Each structure stands twice: as C-alpha cells, then as structure tokens.
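The structure presented is a predicted model; accordingly, all values stated were derived computationally and were not measured.
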Amino acid sequence: EPEVTQTPSHQVTQMGQEVILRCVPISNHLYFYWYRQILGQKVEFLVSFYNNEISEKSEIFDDQFSVERPDGSNFTLKIRSTKLEDSAMYFCASSEAPGAPYNEQFFGPGTRLTVL
Amino acid sequence: KNQVEQSPQSLIILEGKNCTLQCNYTVSPFSNLRWYKQDTGRGPVSLTIMTFSENTKSNGRYTATLDADTKQSSLHITASQLSDSASYICVVRGLTNAGKSTFGDGTTLTVKP
C-alpha cells in the first residue's frame with residue numbers, strides 16, 4: 001500500500017542552524033501539507049502546497065519557513081534559522097485531488113526535530 | 001475563529017468495554033470531518049471520513065456519527081482492545097480549495113486489561 005515517507009526520523013540541530021525536512025508524498029497525489037506537533041500539544045497546520053505554489057499557510061509559517069518541491073517526488077520544509085521553540089514533530093501529508101469531498105490526507109510517520 | 005473541541009480530554013476503560021468520544025466544531029461551512037487515531041510518536045491514521053451529508057460511518061469497531069445541524073460528531077469504539085490505547089483526533093476541513101484542516105486537541109484513550 002502506498003504511503004508517505006519522511007526523512008530523517010529524528011534531526012538534532014543547534015539553534016540558528018538551517019534544517020531541511022524531507023517528504024516523499026504518495027505518487028499520484030497533488031496536494032501536500034506540513035503540520036507540526038509540539039510535544040504534548042495538538043497537531044497544527046503549517047502550510048498546504050498545490051501546483052508548485054503555496055495554497056494556504058498559517059500564522060506559524062513565517063519568513064523562517066519555506067517549502068519546495070525540488071523534483072517530481074520530494075517535498076521539503078526548510079527552517080532557515082531554527083529556534084528552541086521549533087522543536088516539535090513535523091508531519092508531512094498528501095492528498096489526491098483538490099475539491100474532492102473526502103480528500104483524505106495521508107500522513108507520514110513524522111520527523112522529530114530537536115533544537116538545542 | 002474555526003475551532004474544534006473534543007471531550008473528554010482523557011479516558012480510561014477496561015478491555016472489552018465500549019466508549020464514546022465527542023467532538024464539537026465551529027468550522028463552517030465544512031467539507032469533511034475526520035477521525036484519526038494517533039499512536040504515541042507516530043503520524044495520525046485515518047479512521048473515518050464524513051461529508052456534511054453523512055450521519056454515520058463505520059470502520060470495523062469504530063463508528064462515527066455526525067450532526068451537521070448541531071455541529072457535533074462522536075466516535076464510538078466497541079469491544080475495546082489494548083491496542084486501541086492512543087490519541088483520537090477530530091479534524092474538520094473547511095470548504096476551501098486549499099484543504100486547510102482544523103485539528104482538535106484529541107482524546108487520550110487508555111485501555112487497561
């Protein structure tokens with residue numbers, strides 16, 4: 001069964017460093033998402049991406065964040081200068097088609113980012 | 001502001017018992033409502049998806065109900081198993097092209113032997 005994959009599973013970085021989190025969405029999906037979950041808190045929407053551009057972003061997704069689909073398979077989240085409060089689990093998700101009533105989002109296993 | 005509120009925050013039941021989790025939302029209009037199961041340290045896994053026109057959707061021992069008029073949903077788990085111990089999250093997607101979803105805080109279910 002196709003699934004969303006994410007690498008690395010765990011990333012440790014120093015405050016102020018840049019990190020890139022990688023995701024491989026399900027191959028025929030058109031919509032891509034990033035979410036984060038701070039330990040003990042709920043999942044929060046960061047950004048959605050369709051047709052090679054950002055569709056929607058939350059207030060969390062400031063200038064320190066960027067997303068990119070560098071090739072036909074990968075979808076990345078870059079944090080330019082990490083802060084301690086960026087420590088969280090980051091989930092990538094993808095869905096098949098825009099506008100479909102079900103539009104189920106399939107989540108990856110997550111990347112745990114630890115900023116020291 | 002779109003909100004999704006879940007209750008109870010946590011729940012402990014004995015193996016084999018049934019339980020019902022609640023979700024109230026203010027997202028309007030909405031495209032669909034989903035219940036996810038999230039094991040600790042893992043990504044959410046979809047259990048059920050319902051559009052505004054659906055009242056009930058089942059997936060094995062999981063049955064979700066939706067009342068679009070009162071903006072309430074419930075997830076009923078029958079004959080609970082130890083493996084049901086997880087966080088159950090209600091997610092409501094608004095009626096936009098972008099598919100932005102609002103997540104509830106989740107209900108942490110613990111099933112004890």
Would [X] and [Y] show up in the same hydrophobic cluster when neighbours are defined by side-chain heavy atoms closer than 4.5 Å?
X	Y	result
A:Ile54	A:Ile60	yes
A:Val4	A:Leu46	no
A:Phe75	A:Leu113	yes
A:Ile38	A:Tyr90	no
A:Phe106	B:Tyr88	no

Inter-residue atom distance [X].[atom1] - [Y].[atom2], 0.5 Å rounding:
X	Y	atom1	atom2	value
A:Gln105	B:Arg93	CD	CZ	7.5 Å
A:Phe107	B:Gln38	CZ	CD	8.5 Å
A:Tyr33	B:Ser101	OH	OG	6.5 Å
A:Glu44	B:Thr102	CD	OG1	11.5 Å

- Query: Non-hydrogen atoms of chain A under 4.5 Å away: do they reach the side chain of B:Tyr36, the backbone, both or neither?
  - Reply: side chain
- Of all heavy-atom pairs linking B:Ser46 and A:Glu104, the shortest is CB-OE2, 3.0 Å
- Message: Just checking B:Gln9: does its CD atom have more than 12 heavy atoms from other residues, nucleotides or ligands closer to it than 6.0 angstrom?
- Response: no
- Does any N or O in the side chain of A:Lys42 come within less than 3.5 Å of the main-chain N or O of B:Phe103, such that one atom is a donor and the other an acceptor? yes
- Message: I need the residue from B:Ser87, B:Gly43, B:Pro44 with the largest number of non-hydrogen atom pairs under 4.5 Å to chain A.
- Response: B:Pro44
